[in-house]
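Just so you know, these numbers come straight off a predicted model, no measurement behind them.
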Amino acid sequence: MPAKRLLPAAVAALCVAAAGFGFGTAPPAVGSTTAGEQVNIWLTTTNDAAGQNVTRGLQPQTPVNFGPAGGSANQTVTVNENTTYQSFEGGGASFADSSAWLLNSSNVISAATRDQVMKDLFDPVNGIGLAFVRNPMGASDLARFNYSYDDTCCDLNDFSIQHDLADVVPLTKQARALNPALKVMGSPWSAPAWMKDNNDFVHRGWLKWEYAPTYAQYFVKYLQQNEAQGNHIDYISVQNEPTCCGSDSTGYASMNWNGSGLLEFTKNNLMPALQAAGLTTKVLILDYNWGNYNDLGSVPIADAALRNHPNFGGIAWHGYGGDVSLQTTVHNQYPSVNAYMTEHSGGTWIANQQAEDMNNLVDYTRNWDKSWVKWGIALDENHLPYVGAGCNVCTGLVTVHRNDSQRGQVTKTVEYYTMGHLTKFVKPGALRIDSTANSAVKNVAWKNPDGSKALIAYNTTGSSQSVRVNWGSQSFVYTLPTKTSATFTWSGSQSGDGGGGGGQITGLAGKCMDVAGANSADGTAVQLYDCNGTTAQQWSRPGDGTVRALGKCLDVNAGSVADGARVQLYTCNGSAAQQWTYTSGRDLVNPQANKCLDVTGNNSANGTPLQLWSCTGAANQKWTIS
């Protein structure tokens with residue numbers, strides 16, 4: 001959560017009532033056209049200085065069509081689907097105790113209203129398709145009171161997630177039923193008080209090291225008991241915002257860690273416990289701001305054994321302090337480490353919520369995040385409930401009215417719509433694709449698993465902007481009003497000058513990626529060889545994620561994800577073993593394995609075979625596509 005701010009807790013974003021409101025039209029299916037493709041458009045506009053009063057929310061507009069490149073405009077965005085970056089896992093928020101209670105057992109809203117709200121939030125066709133939920137493990141600042149899963153010293157015999165069975169677990173399961181692609185993360189705000197040196201749940205304190213093995217089992221039991229309820233947890237972090245939040249008197253759960261302690265506990269206690277229990281849940285490190293990366297994040301991530309552990313999942317970022325560009329710095333240093341934005345709440349301290357959200361959406365994902373997760377999914381009209389000095393200025397994606405004239409109703413805030421510009425149109429598994437950075441019309445583009453494209457844009461200026469969107473040899477022009485977010489979607493394959501044609505792929509020592517003996521038989525080795533201009537060295541990327549030569553695909557033998565897996569030529573079959581992402585750092589990454597195309601042994605001799613290997617950033621994994 002953000003550090004407490006002494007601001008008036010006054011602004012409620014009033015939008016369209018959730019009950020009975022849904023999206024009846026799915027994003028368009030992929031067509032087979034190759035020119036003049038239809039572009040569908042959805043807009044959200046606000047009309048107030050705070051960017052909260054929505055005058056149209058995800059409103060469909062009259063479609064336009066691509067045509068021959070040209071047309072005048074004062075802004076230009078070029079989309080190139082043949083340059084790809086990270087994949088997308090989902091956007092969402094948290095069923096914190098306060099949010100889950102409001103939507104469920106508080107009985108403020110009817111069951112029918114709750115079910116409609118859940119559809120509006122999680123249904124990928126008739127709602128906005130949220131696909132990532134981060135839930136506290138025990139009480140947080142958005143809770144009605146403080147609790148852990150075992151408050152009795154000095155063992156875990158009384159461990160139980162019973163508290164979560166009232167609201168958190170059933171809502172999370174309902175969300176996954178609505179969107180089976182849902183990812184769920186658990187994060188603790190504190191260990192139980194009896195495990196800490198101050199014997200206190202709410203005044204930070206440190207883990208007593210004799211309880212490190214016990215605390216690791218605390219996570220194991222959390223995962224196992226959720227699994228027993230049919231609620232699989234995909235990710236965990238060791239600690240939400242370690243050391244937060246500048247004072248010991250917040251009155252809500254908190255805990256101290258340092259980088260060496262986080263590394264020691266994660267590497268030598270938590271991960272071995274997960275592995276011994278046969279649990280596949282991945283651990284995300286840090287779970288804090290860019291400004292808190294030094295030590296808390298930098299020490300754990302530097303440990304190669306930690307990074308290579310099968311239960312390591314990546315790094316989790318929060319957006320409350322520091323510079324988002326640090327994410328790209330860290331990515332360039334550790335290109336195989338996945339990045340996730342796991343918390344940035346909306347709130348009354350934000351000058352313009354729509355602008356903040358759209359800047360966040362673009363900046364986070366352009367800096368390698370695979371998720372965009374808010375904080376509480378729902379709060380009431382007075383930013384309640386919260387415990388102690390919890391967040392009295394936070395806002396959710398929806399507002400549950402319980403003490404005003406709209407009691408029993410749920411209204412959508414602007415954050416519902418800004419999130420929906422991403423999650424309704426960009427599906428889990430989508431790849432971010434290249435688009436021109438533009439300060440007047442901030443944007444980010446994606447290619448979905450079905451081949452459809454989504455360009456998300458926001459007019460940051462005080463006047464309408466005409467925008468020309470180039471895509472291969474085609475373009476369209478659209479006038480984007482001020483204070484307006486847009487999502488443009490279309491299908492088809494890029495043509496013309498988008499980079500999908502054939503050419504050489506050069507790597508170590510300037511040599512070429514080569515099909516051994518120019519043999520097109522299935523299973524032929526792919527190797528490094530002197531560039532010679534033959535067809536065995538002509539590779540194309542048709543825009544479907546494959547890399548092709550001699551009419552067949554670059555393939556990982558038997559779909560292996562292991563270091564050293566052989567790379568070969570094989571009949572194209574649409575499998576994950578034939579998917580490749582070309583990054584801005586010049587890596588060719590197989591997303592299934594999250595590993596790089598590698599010249600075996602860093603050997604530049606002719607005939608050296610290519611293989612799959614953990615990404616290291618070394619010269620034998622760098623490729624230039626002509």
Side-chain angles (χ1 to χ4, degrees), residues 27 84-95 121-124 127-135 172 175-187 231-237 280-287 310-319 324 327-328 330-331 334-344 360-375 377 397 418-433 444-450 452 454 456 487 545 561 576 579 581 583 589-595 615:
T84 59
Y85 303 90
Q86 80 276 19
S87 61
F88 182 62
E89 291 193 19
S94 172
F95 285 121
L121 289 165
F122 292 98
D123 190 312
I128 60 170
L130 299 184
F132 204 114
V133 167
R134 173 176 174 262
N135 293 338
T172 303
R176 185 170 267 141
L178 289 163
N179 190 351
L182 185 78
K183 295 293 179 70
V184 180
M185 178 180 177
S187 298
N231 185 38
H232 177 69
I233 308 297
D234 300 278
Y235 301 107
I236 53 174
S237 67
T280 59
T281 299
K282 305 288 189 182
V283 180
L284 303 182
I285 61 170
L286 186 58
D287 212 12
N311 289 99
F312 178 75
I315 186 167
W317 299 100
H318 291 191
V324 66
Q327 295 187 179
T328 291
V330 173
H331 169 83
Y334 305 103
S336 66
V337 174
N338 291 331
Y340 299 83
M341 174 53 61
T342 56
E343 187 187 317
H344 189 179
N360 291 167
L361 187 165
V362 172
D363 292 342
Y364 296 164
T365 55
R366 277 188 173 271
N367 284 278
W368 297 98
D369 278 324
K370 294 165 69 69
S371 66
W372 177 32
V373 184
K374 290 279 200 167
W375 184 198
I377 201 166
L397 274 64
T418 51
M419 178 64 73
H421 273 282
L422 176 67
T423 57
K424 183 170 176 63
F425 307 102
V426 178
K427 303 303 180 182
L431 294 175
R432 181 168 70 88
I433 58 179
V444 64
W446 299 85
K447 181 178 179 178
N448 282 308
D450 66 2
S452 63
I456 304 159
T487 298
V561 298
Q579 289 293 302
T581 297
T583 75
V589 179
N590 175 244
Q592 173 182 247
N594 196 28
K595 293 184 177 180
C615 299

> When rounded to the nearest 0.5 angstrom, what is the spacing between CG in Leu130 and CZ in Phe122?
Replying inline: 5.0 Å

>> Tell me whether Asn135 contacts the main-chain N or O of Gly186 through its side chain, where contact means a donor paired with an acceptor under 3.5 Å.
In response: no

> When you check the gap from the basic side-chain N to the acidic O, do Arg134 and Asp287 get nearer than 4.0 Å?
Replying inline: yes

>> Using 0.5 Å steps for rounding, measure from the CG atom of Asn311 to the CD1 atom of Ile236.
In response: 8.0 Å

> Checking side chain to side chain donor-acceptor pair (under 3.5 Å) for the pair Ser336/Asn594: CA distance, chi angles, key distance, verdict?
Replying inline: CA-CA 6 Å; Ser336 66; Asn594 196 28; 5.5 Å; no

> Can you tell me how far the OG1 atom of Thr342 sits from the CZ atom of Phe132, to the nearest 0.5 Å?
Replying inline: 7.5 Å

> Is the Trp368 ring parallel, tilted or perpendicular to the His331 ring (thresholds 30°, 60°)?
Replying inline: parallel

> Are Arg432 and Phe88 close enough that some pair of their side-chain heavy atoms sits under 4.5 Å apart?
Replying inline: no

> Backbone N or O of Ala316 within a donor-acceptor pair of the Asp369 side chain at under 3.5 Å?
Replying inline: no

>> Test side chain to side chain contact (heavy atoms under 4.5 Å, CB included) on Val133 and Leu182; report intermediate values, then the result.
In response: CA-CA 7 Å; Val133 167; Leu182 185 78; 3.8 Å; yes

> Please walk me through it: do Arg176 and Asn231 pass side chain to side chain contact (heavy atoms under 4.5 Å, CB included)?
Replying inline: CA-CA 9 Å; Arg176 185 170 267 141; Asn231 185 38; 3.8 Å; yes

> To the nearest 0.5 Å, what is the distance between NZ (Lys595) and CG (Asn590)?
Replying inline: 10.0 Å

>> Is it the case that the side chain of Asn179 and the backbone of Ala181 share a donor-acceptor pair, with hydrogens and angles ignored and the cut-off at 3.5 Å?
In response: yes

> So do Leu121 and Ile377 actually touch side chain to side chain, heavy atoms under 4.5 Å?
Replying inline: yes

>> Are Lys370 and Met341 packed together at the side-chain level, in the sense that at least one heavy-atom pair is separated by less than 4.5 angstrom?
In response: no

>> If you compare all heavy atoms of Pro428 against all heavy atoms of Pro449, which two are closest, and at what distance to 0.1 Å?
In response: O-CG, 3.7 Å

> In chain order, what residues pass the ring-ring contact (aromatic ring centres under 6.0 Å, His included) check against Phe312, with sequence neighbours excluded?
Replying inline: none

>> Can a donor-acceptor pair be found, under 3.5 Å and without considering hydrogens, that links the side chain of Ser87 to the backbone of Leu431?
In response: no

>> Testing the basics here: between His344 and Gly319, what is the closest heavy-atom pair and its distance to 0.1 Å?
In response: CE1-O, 3.3 Å

>> Can you confirm whether Thr581 sits close enough to Tyr85 that some side-chain heavy atom of one is under 4.5 Å from a side-chain heavy atom of the other?
In response: no

> Between Asn448 (side chain) and Ala454 (backbone), is there a donor-acceptor pair under 3.5 Å?
Replying inline: no

> Is there side-chain contact between Thr365 and Gln86, with at least one heavy-atom pair below 4.5 Å?
Replying inline: yes

> When you look at Lys374 and Glu343, which way does the salt bridge (Lys or Arg N to Asp or Glu O under 4.0 Å) test go after all the steps?
Replying inline: CA-CA 5 Å; Lys374 290 279 200 167; Glu343 187 187 317; over 6 Å; no

> If we only count heavy atoms from C-beta on, is the Thr172 to Val184 side-chain gap below 4.5 Å?
Replying inline: yes

> Atom OG1 of Thr280 and atom CG of Asp234: how far apart are they, to the nearest 0.5 Å?
Replying inline: 8.0 Å

> In Å and rounded to the nearest 0.5 Å, what is the CD to NZ distance from Glu89 to Lys183?
Replying inline: 4.0 Å

>> side chain to side chain contact (heavy atoms under 4.5 Å, CB included), that's the test. Do Ile233 and Met185 meet it? Break it down for me.
In response: CA-CA 6 Å; Ile233 308 297; Met185 178 180 177; 5.8 Å; no

> Looking at Gly314 and Val337, what are the two nearest heavy atoms and their distance?
Replying inline: CA-CG1, 3.8 Å

> Taking side chain as C-beta onward, heavy atoms only, is Val444 less than 4.5 Å from Trp446?
Replying inline: yes

>> I'd like to check Trp372 versus Leu422 (side-chain heavy atoms, cut-off strictly below 4.5 Å). Are they in contact?
In response: yes

> What do the steps show when you test Ile315 against Tyr340 for side chain to side chain contact (heavy atoms under 4.5 Å, CB included), and what is the final call?
Replying inline: CA-CA 6 Å; Ile315 186 167; Tyr340 299 83; over 6 Å; no

